[in-house]
Protein chains: 2
Amino acid sequence: MTSTKESIINIADDLIRRRGYNAFSYNDISKMLFVKNAAIHYHFPSKSDLGVAVIEFHIQKVEHFIKRVAPLSEPEKVEEFLNIYDQIQTNKKVCLVGTLATDWDTIDEKIQQKLTVFVTIVGDWLTSVMEEGLKKGTLTFKGDPRTRAMLIITSIMAAAQMAKIMGSESFKSVKNAILNELNRR
Amino acid sequence: MTSTKESIINIADDLIRRRGYNAFSYNDISKMLFVKNAAIHYHFPSKSDLGVAVIEFHIQKVEHFIKRVAPLSEPEKVEEFLNIYDQIQTNKKVCLVGTLATDWDTIDEKIQQKLTVFVTIVGDWLTSVMEEGLKKGTLTFKGDPRTRAMLIITSIMAAAQMAKIMGSESFKSVKNAILNELNRR
DNA sequence: AGATCTACTTACTTACTAGTAAGTATTATA
DNA sequence: TATAATACTTACTAGTAAGTAAGTAGATCT
């Protein structure tokens, strides 16, 4: 992949998670890269193509993450997972799923499909971590593993959004609460 | 207030929570009301004015809600609160806070301020419900009341967003998990 | 050396955005 | 009954959006 193509994806990712899908334009990207907007259209004919590429980039990143944390214990895996959102929140962004969910009815079907794949990968992984933790006794929680996984994802996702409004403190307390909840009593 | 002005707020509210703040225009509203876009500008000179009015409308609604549920028990109050999101999710919308949080960096400072007020009202109310529930023993949870309140708000808010991607089932399981968590063991 | 491919630029189109100035019909007020 | 306020319409502006057709400089292949 050319460096320009990679840069476009990186900038688009940043803009989507900072300002929302409908608030960024090819012009924003082209100005930042000192090229013309047609150059962006050369690499990604339509905005939807770019949107799909951004999600694919995230799928790659999460698959790499899953491999990286594989040797860790279940509580450590959860903590590493929450640390991703820590970074998102520190950089005053929100998570990709959150932004695109609120723009859902305005995004192309191809983007919707890719996002569903992304959420499925993350959801399945965290569910398996919950299952393992329950079996080994390293994690304690009520309800089934899938629901617990969804509860963690939704909480931390919205906590990053809430931090935009109420500041970092609200994020940190929610993050710690999720962690405490899972600890053995 | 004129019926047109009320209609504009209602339609804007619907569009914001269905498509996002940056994906709706005065033209969308004017077409639905069979008036010209200048008519919308007559009632709300700028889009920010309309945005502020929509949040004020929500503040009114939540203040009415708080009065309505005042005689109920704490578990009932929480359940009624979650039922609001049930309706949001059924109508394939998301909550106002969620959408505007993801668009935060693109919205006017006046809208940001009003949204902070709205979140503070809801947060303070749910915190007081948590405090009461803890004191009376009608609610069981770990951690402090404010954090628990934020955890409930973030979970249910993001669950409505997640439902857009993964369907109603994910919402229902998260909602039930929140309720189960608070029940006396 | 000529042809082709890559990564663009130039120059444009169509459509829509928020917003405004000036005019008008209807209703309320003094 | 004249005046003024209300709730619009008509007709426009300046700016920006996504997207495209045609051309070009430089590298790569044959």
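All chains are named by letter (A, B, ...) in the order of the sequence lines, taking the proteins before the strands, and each is independently numbered beginning at 1. Just so we're clear, the structure is a prediction, and the values are computed from it rather than from any experiment.
- Rounded to whole Å, the distance from CG on A/L50 to C1' on D/dA18 is 12 Å.
- Put simply, OH on A/Y21 is 10 Å from C1' on D/dA18, counting in whole angstrom units.
- Whole-Å rounding puts the A/I40 CD1 to D/dA18 P distance at 11 Å.
- Side-chain contact, B/Q161 with A/T102: no donor N or O sits under 3.5 Å from an acceptor N or O.
- Atom OG in B/S73 sits 9.0 Å away from atom CD in B/E79 (nearest 0.5 Å).
- Distance from the side chain of A/H43 is smallest for C/dC8 among the nucleotides C/dA21, C/dC8, D/dC8.
- Here the side chain of B/Q112 pairs a donor or acceptor atom with the backbone of B/W104 at under 3.5 angstrom.
- Ring-plane geometry between A/W125 and A/F65 is classed as perpendicular, the angle between the planes exceeding 60 degrees on a 0 to 90 degree scale with a lower cut at 30.
- Listed candidates were C/dA21, D/dT20, C/dC8. Nearest to the side chain of B/A38 is C/dA21.
- Per the geometry, CG belonging to B/D108 stands 14 Å off P belonging to C/dA18, to the nearest Å.
- Residues from residues 22-36 of chain B lying near DNA chain C, meaning a heavy-atom separation below 4.0 Å, are B/F24, B/S25, B/Y26, B/N27 in numerical order.
- Residue A/S46 places none of its side-chain N or O atoms closer than 4.0 Å to OP1 or OP2 of D/dA18.
- Of all nucleotides listed (D/dT20, C/dA18, C/dT9), C/dT9 comes nearest to the side chain of A/A39.
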Taking it one step at a time, do B/H58 and B/D13 satisfy side-chain hydrogen bond (donor to acceptor under 3.5 Å, both in side chains)?
CA-CA 9 Å; B/H58 277 262; B/D13 174 44; 2.7 Å; yes

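- Taking atom NE2 of residue B/H41 and atom P of nucleotide D/dC8, one finds them 15 Å apart after rounding to whole Å.
- Rounded to an integer number of Å, the gap from NZ of B/K47 to P of C/dT17 is 9 Å.
- Counting to the nearest Å, the P atom of C/dA18 and the CD1 atom of B/I107 are 15 Å from each other.
- The phosphate of D/dA7 has neither OP1 nor OP2 within less than 4.0 Å of any side-chain N or O from B/T4.
- Electrostatic pairing of A/E181 and B/R148 counts as a salt bridge here, judged by a charged N lying under 4.0 Å from a carboxylate O.
- At the phosphate of C/dA7, OP1 or OP2 sits under 4.0 Å from a side-chain N or O atom of A/Y42.
- Cation-pi geometry between B/K5 and B/Y42 is not met at under 6.0 angstrom from the ring centre and within 45 degrees of the axis.
- For the pair A/I8 CD1 and C/dA7 P, the computed distance is 11 Å after rounding to whole Å.
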